[in-house]
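Below is one structure, written out as structure tokens; the observations come after it.
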Amino acid sequence: MKILVAVKRVVDYNVRIRVRADGTGVETENVRMSMNPFDKHAVEAAVRLAEAGQATEIVIVSIGPKQANDVILTALAMGAHRGLLIEAEGKVETLAVAKLLKAVVAEEKPDLVLLGKQAVDDDSNQVGQMLAGLLDWPQATFASEIKVVGSDLEVTREVDFGRTTVSIPLPAIVTADLRLNEPRNAGLPMVMKARQKPLAVRPAAEFGVDLTPRLTIEKVSPPAERSAGRRVGSVSELAQVMAAEVSELEAI
Amino acid sequence: MAVLVLAEHDLGTLSPSTARVVAAAEKLGPVEVLVVAADASPIAAEAARIAGVHKVIAVSGLANAPADALTAILASKAEAYTHIVAAASAVGRDVIPRLAARLDLMPVTDVIAIHGPTLFDRPIYAGNAIETVSSGQAKNLLTIRASAFRPAAGGNNAEIHDDTQPAVTRQKFMADHRTNSELPDLQTAQIVVGGGVSFGSAAKFQLVESLAKTLGAAVGATRAAVDAGYAPNEWQVGQTGKIIAPDLYIAIGISGALQHLAGIQGAKKIIAVNTDPEAPIVKIADIALIGDLVEIVPALTAELEKIGLKR
Ligand SMILES: Cc1cc2nc3c(=O)[nH]c(=O)nc-3n(C[C@H](O)[C@H](O)[C@H](O)COP(=O)(O)OP(=O)(O)OC[C@H]3O[C@@H](n4cnc5c(N)ncnc54)[C@H](O)[C@@H]3O)c2cc1C
Ligand SMILES: Nc1ncnc2c1ncn2[C@@H]1O[C@H](COP(=O)(O)O)[C@@H](O)[C@H]1O
């Protein structure tokens, strides 16, 4: 089985972002960037399938600026075999990302495409489902467990009522949730080895996809701020306060 | 033209989020509700009672909401609507982007405010920024954060159309894994008690559940508490869990990581119990008690039982 994994370079999840004063967006200059956390779980899942002898090749693809090389290298260091950077400046909407990935699928013919459930910058949670729609492939989103059973996948998904296990035939799209696995931290030797692995860089224009945005970002604003209220000194005081709060709740 | 709302349901009953999504969708045009289920009739009857609903379309014969089949059903109906709207739930998030790609549209997901038929607010960066987007598209596909809208009233009696649709899915259902719980629905509860990893065991985490029962509250948990196995995944609140907006959120032994705060930004009041006066949650809480949860929670539950809450 051949696996394609899509990884996005995003502002590191530990960074406290700042909204630009002029409302044009979030400050991304001189901010630490890294691989979208969910995508690490997707890469880890692919590498484990390869280690278990169930996958033969893992190809990594990222769409973004030149620097997105970094996140591809991280994935190669974790154990993926080769990488493809589709160079595009500025914001590429999820629909265009899905169309670019569809073009890559047409070239690479993977049996399985693994993605993260959501990118933690725009929190869209869209691309995997869109790619599945474009390809008319089955999808299993928000995966916390993946098992290969013959030419099917058994995927346990995290959903609102708990978890559900479904079986889908390959080729298929799976998006990774955080409880899927513990991603490894590649050691220095693996990082060095990753630099020897093939990494193609191609401009987005080569894929014949219209990148014109469909949505206009009118403005980006900071959320309402919260500040500290008061301290209570004892359990009985807290109980009184809570009882008062509860009695004031309006009935819905 | 009308707006189509995909009904959210579970175990044969309409979910409370649907009345909220209908209230949001009413800002966009006259609302019709689509119910797709193994047996859609009882759910459709509930949906018909929501104020503002003009018509309910009931499609029976499809269980477990597989994305491919649900997309096909929605796509076959799409032409007649300006907007197709679902809750930003596991089902809505699964199907709306897939449908959007099939219709060559950019969806707008996790909408928290509607300023007009094509102007929406959605949070980005775990809610640390709010993006206002406008769409020039002829049709718009949305998921709505139910907790950001008040529910529409009841008392309606909309007409119900039974519709048959061939539902073809390549997905085979294997099993559901649920936690049996008498607690209220987390996403729409007025009071939520949230517990963190510092409870230290699943047994101790039950202190959260006892307190919640006393308050008639739902239970939430941090990712760390879920990862540790103290709470089921459906209780996780935050950027990757449920987004809630209760009137009162009681955070016990929770640090207030930005990914957790992403899930409680809509809470009206926050009460924090924490040993650390410098914890981020304490800095944004309306009321805080500094101390050890092991002593505080049982005492608090007992004290509230004594007071006797009337709700
Ligand atoms: C991509 C990504 C997505 C994430 N999504 C989510 C999400 O959706 N939801 C979520 O919750 N997290 C999420 N996280 C994890 C998040 O970053 C934090 O790790 C997590 O919220 C911390 O949980 P906690 O507050 O239980 O634990 P900790 O951060 O360890 O905090 C424990 C707190 O308990 C206090 N404490 C300790 N002992 C006691 C005691 N005896 N009595 C009282 N207080 C005590 C401590 O002072 C501390 O404040 C995500 C992380 C990533 C990277
Ligand atoms: N620019 C990108 N390049 C590669 N993969 C991406 C890109 N954007 C999104 N993805 C993938 O799609 C997943 C979901 O992203 P999103 O729908 O944007 O929240 C991510 O976790 C990635 O796996």
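Below, chain A is the first sequence line, B the second, and so on; all start at residue 1.
- If you tally non-hydrogen atom pairs under 4.5 Å between each of B:Ile271, B:Asn233, B:Asn64 and chain A, the highest count goes to B:Asn233.
- For B:Asp10, the part lying near chain A is the side chain, with the backbone staying farther off; criterion is any non-hydrogen pair under 4.5 Å.
- Only the side chain of A:Glu245 comes within contact range of chain B, with heavy atoms under 4.5 Å apart.
- Of all the heavy atoms in A:Leu114 and A:Ala45, the pair that sits closest is CD1-CB, 4.2 Å.
- Contact annotation for B:Ile287: both backbone and side-chain heavy atoms come within less than 4.5 Å of a heavy atom of chain A.
- When the shell of 6.0 Å around NZ of B:Lys269 is examined, it contains 12 or fewer heavy atoms from other residues, nucleotides or ligands.
- Looking only at heavy-atom pairs under 4.5 Å with chain B, the residue among A:Asp136, A:Val155, A:Val10, A:Asn125 that has the most is A:Asp136.
- If you measure heavy-atom distances from B:Leu11 to chain A, you find no contacts under 4.5 Å at all.
- Heavy atoms closer than 4.5 Å to chain A are found nowhere in B:Glu295, neither backbone nor side chain.
- Contacts between B:Arg122 and chain A at a heavy-atom distance below 4.5 Å involve the side chain alone, from C-beta outward.
- Of the possible polar contacts, one joining the A:His41 side chain to the A:Asn181 backbone as a donor-acceptor pair under 3.5 Å is found.
- Proximity to chain B is limited to the side chain of A:Gln118, based on heavy atoms less than 4.5 angstrom apart.
- Within the 4.5 Å cutoff, no side-chain heavy atoms of A:Val120 are placed close to those of B:Tyr125.
- Contact of A:Ile17 with chain B is made through the side chain alone, with heavy-atom distances under 4.5 Å.
- Proximity of A:Leu211 to A:Leu100: side-chain heavy atoms (C-beta onward) are separated by under 4.5 Å at one or more points.
- Residues A:Ile168 and B:Arg170 have side chains not in contact (no heavy-atom distance under 4.5 Å, counting atoms from C-beta outward).
- When each of B:Gln137, B:Glu303, B:Gln171 is checked for heavy-atom pairs under 4.5 Å with chain A, B:Gln171 comes out on top.
- Neither the backbone nor the side chain of B:Ala19 comes within less than 4.5 Å of any heavy atom in chain A.
- A:Thr175 does not touch chain B: none of its heavy atoms, backbone or side chain, sits under 4.5 Å away.
- Residues A:Glu44 and A:Leu180 form no side-chain contact, since every pair of their non-hydrogen atoms from C-beta on lies 4.5 Å or further apart.
- Most heavy-atom pairs under 4.5 Å with chain A, from the set B:Thr118, B:Asp227, B:Asp68: that is B:Asp227.
- Between B:Ala90 and A:Asp160 the shortest heavy-atom distance is N-OD2, 3.0 Å.
- Across A:Val148 and A:Gly150, no two heavy atoms sit closer than the pair CG1-O, 3.6 Å.
- For A:Ala243, the parts lying under 4.5 angstrom from a heavy atom of chain B are both the backbone and the side chain.
- Only the side chain of A:Asp152 comes within contact range of chain B, with at least one heavy atom under 4.5 Å from a heavy atom of that chain.
- When each of A:Asn14, A:Val241, A:Leu238 is scored by its heavy-atom pairs under 4.5 Å with chain B, the top score falls to A:Leu238.
- Neither the backbone nor the side chain of B:Leu186 comes within contact range of chain A; no heavy atom of the residue lies under 4.5 Å from a heavy atom of that chain.
- Scanning all heavy atoms of the two residues, the minimum distance from B:Asp292 to B:Val294 falls at OD1-N, 2.9 Å.
- In this structure, chain A has no heavy atom under 4.5 Å from any part of B:Thr71.
- The candidate with the highest count of non-hydrogen atom pairs below 4.5 Å against chain A, out of B:Leu99, B:Ile284, B:Ile130, is B:Ile130.
- There is a side-chain donor-acceptor pair under 3.5 Å between B:Thr109 and A:Gln126.
- Residue B:Pro232 does not touch chain A at all, counting heavy-atom pairs closer than 4.5 Å.
- If you tally non-hydrogen atom pairs under 4.5 Å between each of A:Ala132, A:Gly233, A:Pro222 and chain B, the highest count goes to A:Ala132.
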What's the verdict on side-chain contact (heavy atoms from CB on, under 4.5 Å) for B:Ile124 and A:Asp122, showing C-alpha distance, side-chain angles and the deciding distance? CA-CA 5 Å; B:Ile124 54 175; A:Asp122 288 333; 4.1 Å; yes
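- With a threshold of 4.5 angstrom between heavy atoms, A:Val26 approaches chain B through side-chain atoms but not through N, CA, C or O.
- Using a 4.5 Å cut-off between heavy atoms, A:Arg231 touches chain B through backbone and side chain atoms alike.
- Comparing A:Glu93, A:Glu218, A:Met242, A:Arg226 by heavy-atom pairs within less than 4.5 Å of chain B, the highest count is held by A:Arg226.
- Counting heavy-atom pairs under 4.5 Å between each of B:Leu119, B:Ile270, B:Thr143, B:Asp185 and chain A puts B:Ile270 at the top.
- Taking CG of B:Leu211 as the reference point, atom CD of B:Glu305 lies at 9.5 Å (rounded to 0.5 Å).
- In this structure, B:Asp94 and A:Arg157 have side chains that are in contact, with non-hydrogen atoms separated by less than 4.5 Å.
- Among B:Glu8, B:Met174, B:His177, the residue with the largest count of heavy-atom pairs under 4.5 Å with chain A is B:His177.
- With a 4.5 Å cut-off on non-hydrogen atoms, B:Leu248 touches chain A through its side chain but not through its backbone.
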B:Glu234 vs A:Arg163, test: salt bridge (Lys or Arg N to Asp or Glu O under 4.0 Å). Steps then yes/no. CA-CA 8 Å; B:Glu234 65 269 26; A:Arg163 287 170 300 133; over 6 Å; no
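- Looking at A:Asp39 and A:Val71, their side chains never come closer than 4.5 Å, going by heavy atoms from C-beta outward.
- Surrounding CZ of A:Phe161 are more than 12 heavy atoms belonging to other residues, nucleotides or ligands, all under 6.0 Å away.
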Report the C-alpha distance between B:Arg93 and B:Asp110 in whole Å, list the side-chain angles of each, state the deciding distance to 0.1 Å, and finish with yes or no for salt bridge (Lys or Arg N to Asp or Glu O under 4.0 Å). CA-CA 9 Å; B:Arg93 287 172 170 161; B:Asp110 285 277; 2.6 Å; yes
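- Both the backbone and the side chain of B:Leu300 come within contact range of chain A, judged by heavy atoms closer than 4.5 Å.
- Listed options A:Gln139, A:Glu154, A:Gln240, A:Glu225 were ranked by heavy-atom pairs under 4.5 angstrom with chain B; first place goes to A:Gln139.
- No part of A:Leu131 comes within reach of chain B, as not one of its non-hydrogen atoms sits under 4.5 angstrom from that chain.
- When side chains are defined from C-beta on, B:Ile191 counts as touching A:Leu249, because their heavy atoms get closer than 4.5 Å.
- Using a 4.5 Å cut-off between heavy atoms, B:Val273 contacts chain A through its side chain alone, with no backbone atom that close.
- Within the 4.5 angstrom heavy-atom criterion, only backbone atoms of A:Val15 (N, CA, C, O) approach chain B.
- In this structure, chain B has a heavy atom under 4.5 Å from the side chain of A:Val19, while its backbone stays farther away.
- Using a 4.5 Å cut-off between heavy atoms, A:Phe38 touches chain B through its side chain atoms alone.
- Residue A:Glu182 qualifies as open at atom CD: its count of foreign heavy atoms under 6.0 Å is 12 or below.
- At least one side-chain heavy atom of A:Lys99 sits less than 4.5 Å from a side-chain heavy atom of B:Asp104.
- In this structure, no portion of B:Pro66 lies under 4.5 Å from any heavy atom of chain A.
- Neither the backbone nor the side chain of B:Asp121 comes within contact range of chain A; no heavy atom of the residue lies under 4.5 Å from a heavy atom of that chain.
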